[in-house]
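Each remark here refers to the structure printed beneath this line.
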Amino acid sequence: MSARISRRALLAGLAALPALPALTALTLVGCEVDRTTAAPLSTVDTLDFSNRLRIPALAESTVDHDGVRVFHLSASEGSAEFLPGVSTPTWSYSDGRYGAGFLGPTLRVTRGEQVRMIVKNRLPEITTVHWHGMHLPARYDGGPHQPIASGELWEPEWKIDQQAATLWYHPHPHGETEGQVTRGLGIILSRRRHQSGSAASIRHR
């Protein structure tokens with residue numbers, strides 16, 4: 001016969017472990033708060049945002065003879081000055097024109113388009129490019145199972161077929177995602193419904 005443990009005994013045991021204070025707190029909150037009746041959490045009018053959201057410049061693209069919209073991106077090392085006079089080593093994506101040293105250019109595509117991303121890995125280690133939120137074939141997802149070796153090219157191609165959305169692209173190598181993102185890799189991929197509309201009026205810097 002298997003022994004059963006009560007919730008009270010489990011929580012008491014977790015609370016007695018000094019190495020798990022965060023887990024204990026999370027467990028207590030998760031168990032004791034009734035999410036069906038709890039008031040929604042909101043920070044409206046409680047936080048002061050002094051810096052405007054800056055959207056990186058649009059990436060350049062071309063349309064080839066087959067009507068495919070082509071973007072060229074490279075992941076490479078660089079530097080950026082976040083504090084006056086202090087140069088910080090960074091990683092970023094570039095289309096050959098974008099040069100902020102971190103993040104990358106904004107990619108804008110339109111529903112119904114066929115797009116091709118030509119990605120060059122100029123980093124000293126394996127990376128990937130994951131199109132977060134994009135509906136596309138699994139073989140072009142850019143997850144850990146699709147590594148791009150240092151110095152190599154990757155050319156995924158797919159048809160844009162989903163509603164207008166603001167997505168983002170970022171590295172997703174096995175065990176190294178956090179390290180590459182915190183160095184600066186990762187930025188916006190915008191999907192618009194058609195050629196005209198509010199998306200065209202977004203200011204980029």
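All residue numbers in this chain count up from 1 along the given sequence.
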(request) Please identify each residue that fulfils ring-ring contact (aromatic ring centres under 6.0 Å, His included) with Phe71, with sequence neighbours left out. (result) none

(request) For the pair Gln162 (side chain) and His135 (backbone), establish whether a donor and an acceptor sit closer than 3.5 Å, ignoring hydrogens and angles. (result) yes

(request) Only counting residues at least two apart or in another chain, list the ones meeting side-chain hydrogen bond (donor to acceptor under 3.5 Å, both in side chains) with Gln146. (result) none

(request) Only counting residues at least two apart or in another chain, list the ones meeting salt bridge (Lys or Arg N to Asp or Glu O under 4.0 Å) with Glu125. (result) none

(request) Kindly give the cluster partners of Val86, where membership spreads through any ILVMFWY side chain lying under 4.5 Å from a current member. (result) Leu83

(request) Could you tell me which residues satisfy ring-ring contact (aromatic ring centres under 6.0 Å, His included) with His132, sequence neighbours excluded, listed by chain and number? (result) His130, Trp168, His170

(message) List the residues meeting ring-ring contact (aromatic ring centres under 6.0 Å, His included) with Trp158, not counting sequence neighbours, and say none if there are none.
(response) Trp131

(message) Please report the interatomic distance OH(Tyr93) to CG(Leu107), rounded to the nearest 0.5 Å.
(response) 10.0 Å

(message) Using modelled atom types and a 3.5 Å cut-off, is there a donor and acceptor pairing between side-chain atoms of Asn121 and backbone atoms of Glu152?
(response) no

(request) State, with a plain yes or no, whether a side-chain heavy atom of Leu123 is found less than 4.5 Å away from one of Leu185. (result) yes

(message) Looking at every non-hydrogen atom in both residues, tell me the closest pair between Thr106 and Pro56 and how far apart they are.
(response) OG1-O, 2.8 Å

(message) Test of understanding: with side-chain hydrogen bond (donor to acceptor under 3.5 Å, both in side chains), list the residues that count as partners of Arg139, not counting sequence neighbours.
(response) none

(request) Please report the closest heavy-atom contact between Thr90 and Ala80, naming both atoms and the distance. (result) OG1-N, 3.8 Å

(request) For residues Pro105 and Leu73, report the shortest heavy-atom separation together with the two atoms involved. (result) CG-CD2, 4.0 Å

(message) For the NE2 atom on His145, are there more than 12 heavy atoms of other groups (residues, nucleotides or ligands in this structure) within a distance under 6.0 Å?
(response) yes

(message) Nearest 0.5 angstrom please: Glu155 CD to Tyr140 OH, how far?
(response) 10.0 Å

(message) Quick one, Asp66 with Gln114, criterion side chain to side chain contact (heavy atoms under 4.5 Å, CB included). Give me CA distance, side-chain angles, the key distance, then yes/no.
(response) CA-CA 9 Å; Asp66 292 325; Gln114 189 79 8; over 6 Å; no

(message) Could you report the tightest heavy-atom contact between Trp91 and Pro124, atom names first, then the distance?
(response) CZ2-CD, 4.2 Å

(message) Can you list, by chain and residue number, the hydrophobic cluster partners of Ile118 when the side-chain cut-off is 4.5 Å?
(response) Val68, Val70, Leu153

(message) Taking ring pair (Phe, Tyr, Trp, His ring centres under 6.0 Å) as the cut-off, I'd like each qualifying pair that reaches into residues 104-123, sequence neighbours left out, listed once.
(response) none

(request) Check the hydrophobic clustering (I, L, V, M, F, W, Y; side-chain heavy atoms under 4.5 Å; chains of links allowed) and say if Ile160 and Val129 are grouped together. (result) yes

(message) Starting from Leu136, can I reach Leu167 by hopping between I/L/V/M/F/W/Y residues whose side chains sit under 4.5 Å apart?
(response) yes

(message) So Arg69 and Thr110, do their side chains get closer than 4.5 Å, heavy atoms only?
(response) no

(message) Rounded to the nearest 0.5 Å, what separates atom CZ in Phe102 from atom OG in Ser79?
(response) 11.0 Å

(message) Asp64: which residues meet the side-chain hydrogen bond (donor to acceptor under 3.5 Å, both in side chains) condition with it, sequence neighbours left out?
(response) Arg116

(message) Please determine whether residues Ile126 and Ile148 belong to a single hydrophobic cluster, defined as Ile, Leu, Val, Met, Phe, Trp and Tyr linked transitively by side-chain heavy-atom distances below 4.5 Å.
(response) no

(message) Tell me the closest heavy-atom pair linking Lys120 and Gly151, and the distance in Å.
(response) NZ-O, 2.8 Å

(request) Can you measure from CE (Met134) to CG (Asp161) and round to the nearest 0.5 angstrom? (result) 10.5 Å

(request) Starting at CZ of Arg183, measure out to CD of Glu178 and round the result to the nearest 0.5 Å. (result) 10.0 Å

(request) Find the distance between OG1 (Thr128) and CH2 (Trp154) and round it off to the nearest 0.5 Å. (result) 7.0 Å

(request) Looking only at non-hydrogen atoms, find the nearest pair between Tyr98 and Ala100 and report the distance. (result) OH-CB, 3.2 Å

(message) Tell me every residue that passes side-chain hydrogen bond (donor to acceptor under 3.5 Å, both in side chains) with Ser92, counting only those two or more places apart in sequence or in another chain.
(response) none

(request) Kindly write out the residues that satisfy side chain to side chain contact (heavy atoms under 4.5 Å, CB included) with Thr177, not counting sequence neighbours, or none if the list is empty. (result) His172, Pro173, Val181

